[in-house]
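What follows is a short report on a single structure.
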Number of protein chains: 4
Amino acid sequence: MDNENTVIQSIIEAARKLMQQYGFSKTTMEDIAKAAGKGKSTLYHHFKNKEEIIDEVLGQEMDSFFREVKQAVDQEKSLHAKLKTYIVVKIQSIRHRVNLYRFAMETDASTLEINTQFRRLRTRYDQQEANLILSVLTLGIAEGTLHHQSEADLAMLTELLVTCVRGVEMDIIMYNKHNTLPDKADLLVGVLVKGLS
Amino acid sequence: MDNENTVIQSIIEAARKLMQQYGFSKTTMEDIAKAAGKGKSTLYHHFKNKEEIIDEVLGQEMDSFFREVKQAVDQEKSLHAKLKTYIVVKIQSIRHRVNLYRFAMETDASTLEINTQFRRLRTRYDQQEANLILSVLTLGIAEGTLHHQSEADLAMLTELLVTCVRGVEMDIIMYNKHNTLPDKADLLVGVLVKGLS
Amino acid sequence: MDNENTVIQSIIEAARKLMQQYGFSKTTMEDIAKAAGKGKSTLYHHFKNKEEIIDEVLGQEMDSFFREVKQAVDQEKSLHAKLKTYIVVKIQSIRHRVNLYRFAMETDASTLEINTQFRRLRTRYDQQEANLILSVLTLGIAEGTLHHQSEADLAMLTELLVTCVRGVEMDIIMYNKHNTLPDKADLLVGVLVKGLS
Amino acid sequence: MDNENTVIQSIIEAARKLMQQYGFSKTTMEDIAKAAGKGKSTLYHHFKNKEEIIDEVLGQEMDSFFREVKQAVDQEKSLHAKLKTYIVVKIQSIRHRVNLYRFAMETDASTLEINTQFRRLRTRYDQQEANLILSVLTLGIAEGTLHHQSEADLAMLTELLVTCVRGVEMDIIMYNKHNTLPDKADLLVGVLVKGLS
DNA sequence: AATGAATGAGTTTTCATTCAT
DNA sequence: CATGAATGAAAACTCATTCAT
């Protein structure tokens with residue numbers, strides 16, 4: 001039982017490394033098997049097909065991704081610091097996962113099922129993130145940095161903030177522009193906080 | 001010669017339609033040939049390979065894309081209106097091109113060359129966009145809505161704005177969340193303008 | 001020991017159901033194991049290989065098949081009734097076993113051994129059937145419906161009758177034509193009896 | 001164009017030989033390609049998939065099969081001779097095609113489409129055969145060997161005859177029992193004609 | 001200029017069977 | 001007895017690209 005998990009985990013581990021480096025479609029079952037030190041057909045003993053491996057890799061990765069971000073944000077005290085940390089750490093975490101992250105886009109008409117599952121994963125993650133940011137903004141209000149807002153407005157602001165940060169993510173993913181990151185994070189937080197206050 | 005252009009254009013047209021619908025990798029040379037009413041090997045007479053077709057499709061698409069956005073923005077007068085129009089029209093234009101746009105992500109290690117070319121196209125487009133936004137912001141200063149800024153600061157602001165809008169783009173591309181778009185555009189413009197003033 | 005038999009029988013039972021539904025080749029060892037509630041490798045404790053399971057399934061099935069037909073024929077009195085019953089019941093019994101029956105044909109060069117074994121089973125069954133029909137014809141002679149015949153002729157007639165009925169079987173197996181069955185059985189029996197008298 | 005047919009025909013020819021010898025499922029695309037002196041993927045240039053090759057092989061084979069039988073029957077004059085020839089030649093023709101013929105049975109639940117197409121082929125063949133036998137029986141009536149019959153009865157008799165002969169076919173296909181064939185054909189024809197007169 | 005023919009190098013998946021515990 | 005883990009060998013199918021005409 002413990003062994004079962006070890007084997008499965010070692011396959012996922014191998015898959016994750018390869019997929020991080022080469023992307024999902026370029027990572028073949030053969031590659032994964034070889035990297036895990038197993039026979040190709042052994043993979044099919046533990047997973048129904050490639051899709052199931054991808055799902056597992058993505059699920060684990062997103063969870064650990066969120067944990068990293070949350071932990072870093074939790075350690076900061078002020079609204080400003082928390083928001084900046086959120087942006088910076090999120091981006092840094094993404095940089096190690098660019099290829100996995102790109103997956104969201106590898107979507108074609110024919111891959112609908114993959115995406116269905118992916119969307120589920122993604123939704124779970126987004127929910128967690130929204131909660132995190134919401135609590136940060138609530139703290140900003142308690143702190144006095146932000147005005148008091150209606151619940152609906154807070155939800156909207158949360159969404160807006162996440163949306164803007166997603167723009168920064170994209171700069172990273174698409175252009176590898178991360179040199180100016182801390183400055184841009186500062187500016188973004190400054191503008192948003194001022195704009196929202 | 002004129003004929004040559006007609007053929008080439010009909011191939012690109014066919015390729016564009018297919019790629020818009022199914023994405024780049026799922027669109028095969030065979031599909032394109034069939035849709036263009038030509039033999040598969042004919043494509044290779046006019047283009048070196050699939051990559052070259054993709055480049056051409058993307059290039060044309062980006063140009064027309066930029067033209068749409070610029071034209072709409074130019075018709076507005078105030079800073080506020082221009083920015084909102086920029087966001088709204090850009091997003092609308094993207095919606096018709098989601099799969100083409102997604103291309104930026106279909107990247108795997110092995111497809112580096114494609115990306116190199118894509119990056120060139122993308123850079124050209126970004127430059128045009130930056131110029132457009134810069135001129136809008138400059139107008140905002142002339143209008144008195146924004147403070148006067150150093151050239152470096154203006155560049156930074158431009159980039160920030162573009163970055164935030166890219167976040168909205170992503171909401172569309174990844175989640176098809178466009179129902180709240182006009183509201184969100186309003187809010188975003190409001191916050192940014194206030195934050196920047 | 002008794003337990004051993006229970007396990008074996010439950011495996012065969014599972015195999016039979018699956019093979020009846022999906023045919024021999026499409027029924028995998030995994031399917032059988034799952035249906036029997038056992039591990040895949042457990043099957044190999046009780047049977048040397050898949051072939052041995054097939055043999056057992058076929059053997060049991062043919063025996064029960066013959067028992068059904070014989071029992072029905074024995075209950076009839078006259079030659080005419082017995083022959084008609086023979087055809088009708090045989091066909092009905094086959095209808096529940098179409099996929100098993102089809103097995104005789106799943107033969108490829110590589111499956112020669114399977115067929116060798118199958119031929120043995122089949123021969124045993126055919127012998128029983130020939131005996132049954134022979135006794136029916138003998139009764140027909142005693143009854144006066146048929147002329148007296150030499151032993152060799154009787155054997156030949158038996159074979160002919162079985163052969164013709166096999167044609168009806170095939171109509172069922174290949175075309176599922178069984179709607180006209182009772183009529184055709186009547187006609188066939190009539191023609192044969194008249195032709196033979 | 002002529003060349004196209006040559007290539008296609010040579011593929012079918014290769015496929016036919018292999019399938020006649022080894023059966024459909026044991027004949028792989030690779031085998032066919034090798035036998036045709038082509039690359040594996042070339043097959044897919046000319047046929048959509050394995051199924052399409054099988055269909056073509058079967059279609060051609062059935063046509064030539066029917067032609068052989070019809071030609072032989074046409075050469076005979078009397079009802080008796082025609083019927084006997086029908087049986088004997090049909091069986092002989094089948095003997096060269098046993099493995100192809102067996103195909104009808106290679107059916108599993110999953111192979112439904114193949115069978116749909118096969119059923120179409122088979123139906124076409126059966127129709128031709130029924131017409132042939134019908135004309136033979138009509139001749140038997142003209143000849144005075146058979147009583148005059150209603151159209152419906154004639155159809156029924158035709159079907160019965162074909163059905164009985166199918167039994168003989170099966171003896172060949174399943175048991176390779178063809179040594180006693182001519183005698184059995186004589187007997188069968190005798191019994192049927194007497195039974196029908 | 002146009003194209004039908006050909007293909008190499010992959011890719012996922014299947015399954016009967018063996019082995020270590 | 002039982003079984004989870006492992007696998008080799010094969011199979012069907014794909015696709016960008018080249019070549020001869």
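Note that the coordinates shown come from a computational prediction; the quantities given were computed from them, not determined experimentally.
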Contacts of Ser10(B) that satisfy side-chain hydrogen bond (donor to acceptor under 3.5 Å, both in side chains) - sequence neighbours left out: none
By salt bridge (charged side-chain N to carboxylate O under 4.0 Å, His left out) - contacts of Glu52(C) (at least two apart): none
In whole angstrom, what separates [X]'s [atom1] from [N]'s [atom2]?
X        : N       : atom1 : atom2 : result
Phe47(A) : dA6(F)  : CZ    : C1'   : 15 Å
Ile32(A) : dT13(E) : CD1   : P     : 11 Å
Leu43(A) : dT12(E) : CG    : P     : 10 Å
Ile8(A)  : dG4(F)  : CD1   : C1'   : 11 Å
Ile53(A) : dT13(E) : CD1   : C1'   : 12 Å

Stem list, DNA chain E (Watson-Crick or G-U pairing under 3.5 Å, at least 3 consecutive pairs): E:2-21 with F:2-21
Specify the closest pair of heavy atoms between [X] and [Y], including all atoms of both residues, with the distance to one decimal.
X         : Y        : value
Lys50(C)  : Thr27(C) : NZ-O, 2.9 Å
Tyr125(D) : Met62(D) : CD1-O, 4.1 Å
Val57(D)  : Met19(D) : CG2-SD, 4.3 Å

Upstream residue (5' side of DNA chain E) when Gly37(D) and Gly37(B) are each assigned their closest nucleotide: Gly37(B)
Working for side chain to side chain contact (heavy atoms under 4.5 Å, CB included), residues Arg124(C) and Asp63(C): CA-CA 9 Å; Arg124(C) 185 179 76 195; Asp63(C) 285 349; 3.1 Å; yes
Under the side-chain contact (heavy atoms from CB on, under 4.5 Å) test, residues paired with Tyr44(D) that sit two or more places apart: Met29(D)
side-chain N/O Thr42(C) vs dT3(F) OP1/OP2, d < 4.0 Å: yes
Distance below 4.0 Å between His46(C) side-chain N/O and dA2(F) OP1 or OP2: yes
pair Gln9(A)-Ile12(A): side-chain heavy atoms closer than 4.5 Å: yes
Review item, side-chain donor-acceptor pairs of residues 30-41 of chain B, under 3.5 Å, at least two apart:
from     : atom 1 : to       : atom 2 : distance (Å)
Glu30(B) : OE1    : Lys40(B) : NZ     : 3.4
Asp31(B) : OD1    : Thr28(B) : OG1    : 3.3
Asp31(B) : OD2    : Thr28(B) : N      : 3.2
Asp31(B) : OD2    : Thr28(B) : OG1    : 3.2

Reading 5' to 3' through nucleotides 14-21 of chain F, protein heavy-atom contacts under 4.0 Å coded B for base, S for sugar-phosphate only, - for none: BBBBBB--
